[in-house]
Amino acid sequence: MTYPALRASGTLGSVDQTRPLIAVLDDEPQFGKALARLLKTHGFEVVTFTRGEDLLAACVSRLPNCVLLDLHMPGLNGFQVLERIVAQHAAAVVITGHDQPGNAERVRTLGGLGYFLKPVNEHQLLAAIRDAIHSETNLSAAN
């Protein structure tokens, strides 16, 4: 059985509903593609975005189980997207190449469930994603 899924173009496609949907937001398309390949090999359905505005527009159709996002992007930055995603009760994990003092604390304060620096350790990231999905599932059940 298939259901609507997010697409970077803002249109709907279909995915296997039994696999968790992960949205990747990074303004570096190569990083997004590499991360998508990794996640797909671990059983996740993945869609990638290079602009926060596109991700948020697509979330109207279906909220992903977890959003992986960069902080420093043109347009809406990662903090702005994080705040809006968490307000919609989606789990979010930040991956950034530009660590600055206070970023990790701000991510936690805004509701982010993980904070990683590029290059990211694949095993730690996968564990954080699984924890985030579990957290998102529990939050959804409570609402």
Roughly how far, to the nearest 0.5 Å, is the [atom2] atom of [Y] from the [atom1] atom of [X]?
{"X": "Leu25", "Y": "Met73", "atom1": "CG", "atom2": "CE", "answer": "4.0 Å"}
{"X": "Ile129", "Y": "Gln124", "atom1": "CD1", "atom2": "CD", "answer": "12.0 Å"}
{"X": "Lys33", "Y": "Gln30", "atom1": "NZ", "atom2": "CD", "answer": "5.0 Å"}
{"X": "Glu122", "Y": "Leu126", "atom1": "CD", "atom2": "CG", "answer": "5.5 Å"}
{"X": "Leu117", "Y": "Ile95", "atom1": "CG", "atom2": "CD1", "answer": "10.5 Å"}
{"X": "Arg84", "Y": "Leu110", "atom1": "CZ", "atom2": "CG", "answer": "12.0 Å"}

**OP:** Could you tell me whether the side chain of Asn65 and the main chain of Ile133 form a donor-acceptor pair under 3.5 Å?
**Re:**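 Not a single qualifying donor-acceptor pair exists.
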
Subject >> Any donor-acceptor N/O pair, Glu105 side chain to Gly102 backbone, under 3.5 Å >> reply: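 Here the side-chain-to-backbone pair does not exist.
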
**OP:** Report, as yes or no, whether the 6.0 Å neighbourhood of atom CD on Glu83 holds more than 12 heavy atoms from other residues, nucleotides or ligands.
**Re:**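 No, CD of Glu83 has 12 or fewer neighbouring heavy atoms, counting only those of other groups under 6.0 Å.
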
Original post:
Would you say Lys118 has more than 12 foreign heavy atoms packed within less than 6.0 Å of its NZ?
Top reply: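 Correct, the count exceeds 12.
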
Ignoring hydrogens, what is the shortest heavy-atom contact between [X] and [Y]? Give both atom names and the distance.
{"X": "Ile85", "Y": "Cys59", "value": "CD1-SG, 3.8 Å"}
{"X": "Ala132", "Y": "Val93", "value": "CB-CG2, 4.1 Å"}
{"X": "Leu55", "Y": "Ala23", "value": "CD1-CB, 3.7 Å"}
{"X": "Gly52", "Y": "Leu76", "value": "C-CD1, 4.4 Å"}
{"X": "Val86", "Y": "Gly112", "value": "CG2-N, 4.5 Å"}
{"X": "Ala91", "Y": "Leu113", "value": "CB-CD1, 3.8 Å"}

Given side chains that start at C-beta, do those of [X] and [Y] come closer than 4.5 Å, heavy atoms only?
{"X": "Gln80", "Y": "Glu53", "answer": "no"}
{"X": "Thr96", "Y": "His72", "answer": "yes"}
{"X": "Leu21", "Y": "Arg62", "answer": "yes"}
{"X": "Pro74", "Y": "Asp27", "answer": "yes"}

Original post:
Are Arg106 and Phe79 in a cation-pi contact, defined as NZ or CZ under 6.0 Å from the six-membered ring centre and within 45° of the axis?
Top reply: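 Yes; both conditions hold, so Arg106 lies above the ring face of Phe79.
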
Original post:
Can Asp26 and Thr50 be said to form a side-chain contact (heavy atoms from CB on, under 4.5 Å), step by step?
Top reply: CA-CA 5 Å; Asp26 198 299; Thr50 57; over 6 Å; no

Subject >> Verdict with reasoning, Leu39 to Glu45, per side-chain contact (heavy atoms from CB on, under 4.5 Å) >> reply: CA-CA 8 Å; Leu39 296 172; Glu45 187 68 32; over 6 Å; no

Original post:
Can you name the residues that form a side-chain hydrogen bond (donor to acceptor under 3.5 Å, both in side chains) with Asp99, not counting sequence neighbours?
Top reply: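 Only Tyr115 meet the side-chain hydrogen bond (donor to acceptor under 3.5 Å, both in side chains) criterion with Asp99.
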
**OP:** Run the numbers on Val24 and Val46 for side-chain contact (heavy atoms from CB on, under 4.5 Å), then give the verdict.
**Re:** CA-CA 7 Å; Val24 175; Val46 182; 3.9 Å; yes

Original post:
Between Leu35 and Leu68, does a side-chain contact (heavy atoms from CB on, under 4.5 Å) hold up when you go through it step by step?
Top reply: CA-CA 10 Å; Leu35 194 52; Leu68 304 179; 3.8 Å; yes

